[in-house]
Amino acid sequence: MTERHVDDPGAAQGAVPDEEPHPLPRHAERHLFADRAPLGLVRPFGASVPLVLDGEPVAHEEHADLAGPLHLTPLGRGDTAVLAAFTDRAAMLEAVRREDGADGEPSPERLERARASFEAICTTNPAALSARVCFFEDAGEQGDVKCLDAGLGYPNLSRVRRGFLSTQNWNDVISSLSWCRFDVSLFDAFDWQGNEFFARKGCTTPDLARFGWGDRAASIANWGT
């Protein structure tokens, strides 16, 4: 008997073929992030951690007024974690790289505590991780799973089938993602547009809802080469 792979919805008789991931454009940052159009429909951020915009705290009642497009990423650890939003992507990347390796390599005990509490945690050696990133339906890397190799992305998750009979799709479903050797981005609009959630290389993201990104992604990218 052949084992059914989690990324093979065609294994069920009569299933709709899954859309193949797209190679990311050459010089993707230049093409995807230059002159981004303002968002039409604004979706407020329901983050449970503080939100900071270009270094300034944002009051909770002001979250709905953030029209974007913004580039957002978790910064800090544990009780000091914030969702950092930037109007300039280069500024976001600079802030992210300043944090690389700041906490040292996590001990086995800290890894276990982080796993139990759904805390994001990072390694100082991302090169040892898989180049493939996996996205999960539920927090804690649970539920349906869709994986993505380096240098690939899905521009429209509503066209990516989900479930045993492929009757559902991956739009507005992703709640956590695995460790990855490379940076990974989720977008709340199709075609890698809208607001961006940036999950940096070597880090876990076990609970996107904590950062206001549960069930929000409409397109995704694995920036590895």
Side-chain angles (χ1 to χ4, degrees), residues 29 32-103 106 110 113-122 135-141 157 171-177 183-221 223:
E29 292 189 2
L32 295 179
F33 300 116
D35 301 322
R36 292 170 73 80
L39 297 177
L41 179 63
V42 177
R43 301 169 66 182
F45 295 99
S48 62
V49 299
L51 177 62
V52 177
L53 174 60
D54 291 333
E56 296 296 328
V58 177
H60 185 77
E61 59 270 17
E62 296 174 330
H63 288 198
D65 298 327
L66 298 180
L70 299 171
H71 308 281
L72 304 105
T73 191
L75 295 179
R77 291 286 176 276
D79 294 338
T80 66
V82 301
L83 178 64
F86 297 84
T87 51
D88 177 61
R89 194 171 194 266
M92 178 197 71
L93 293 176
E94 182 180 351
V96 163
R97 297 311 173 214
R98 283 199 300 266
E99 290 223 339
D100 283 349
D103 292 340
R110 188 177 174 208
R113 288 197 305 271
R115 187 178 299 112
S117 63
F118 286 0
E119 179 190 350
I121 198 165
C122 300
F135 302 84
F136 297 85
E137 173 191 17
D138 299 324
E141 301 184 19
L157 288 173
N171 188 48
D172 290 346
V173 166
I174 295 170
S175 296
S176 60
L177 55 148
D183 298 325
V184 174
S185 291
L186 300 86
F187 301 87
D188 60 3
F190 298 138
D191 299 318
W192 306 301
Q193 296 294 307
N195 295 303
E196 174 191 17
F197 180 90
F198 185 86
R200 81 175 190 264
K201 63 184 179 182
C203 296
T204 61
T205 312
D207 185 11
L208 283 164
R210 186 184 184 203
F211 302 104
W213 274 80
D215 299 340
R216 189 180 180 109
S219 51
I220 52 178
W223 298 113

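Because the structure is a prediction, the values reported are computed rather than measured.
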Could you give the distance from OG (Ser175) to CZ (Arg210), rounded to the nearest 0.5 Å? 15.0 Å
Output the distance between atom CZ (Phe211) and atom OG1 (Thr205), rounded to the nearest 0.5 Å. 7.5 Å
Under the ring-ring contact (aromatic ring centres under 6.0 Å, His included) test against His71, which residue among Phe187, Phe33, Phe197 passes? Phe33
Is the charged tip of Arg89 near the ring of Trp223: under 6.0 Å from the six-membered ring centre and within 45° of its axis? yes
Does the side chain of Leu75 reach to within under 4.5 Å of the side chain of Glu99, using non-hydrogen atoms? yes
Within the side chain of Ser185, is there an N or O that forms a donor-acceptor pair under 3.5 Å with the backbone of Glu196? no
Decide yes or no on side chain to side chain contact (heavy atoms under 4.5 Å, CB included) for Leu177 and Leu186, but give the supporting numbers first. CA-CA 10 Å; Leu177 55 148; Leu186 300 86; 4.2 Å; yes
Nearest 0.5 Å, please: how far is CD in Gln193 from CG in Asp188? 10.5 Å
Lys201 backbone acceptor or donor facing Asp183 side chain under 3.5 Å: yes
Within the 4.5 Å heavy-atom criterion, are Leu66 and Asn195 side-chain neighbours or not? no
Kindly give the heavy-atom pair with the smallest separation between Gly55 and Val52, and that separation in Å. C-CG1, 3.4 Å
Straight-line distance of Leu157 CG to Asp172 CG, nearest 0.5 Å: 8.5 Å
Set of residues satisfying side-chain contact (heavy atoms from CB on, under 4.5 Å) with respect to Ala85, sequence neighbours excluded: Leu51, Leu53, Leu70, Leu72
Sub-4.5 Å side-chain heavy-atom contact between Asn171 and Phe190: yes
Using a 3.5 Å distance criterion without hydrogens, assess whether the side chain of Ser219 forms a donor-acceptor pair with backbone atoms of Trp192. yes
d(Asp215 CG, Glu137 CD) to nearest 0.5 Å is 8.5 Å
Distance-minimising heavy-atom pair for Pro50 and Ala81: CD-O, 3.5 Å
Report the C-alpha separation of Asp138 and Ser176 in whole Å, then their side-chain angles, then the decisive distance to 0.1 Å, and conclude whether the side chain to side chain donor-acceptor pair (under 3.5 Å) test is met. CA-CA 6 Å; Asp138 299 324; Ser176 60; over 6 Å; no
With a 4.5 Å heavy-atom cut-off, do Phe86 and Leu93 have their side chains touching? no
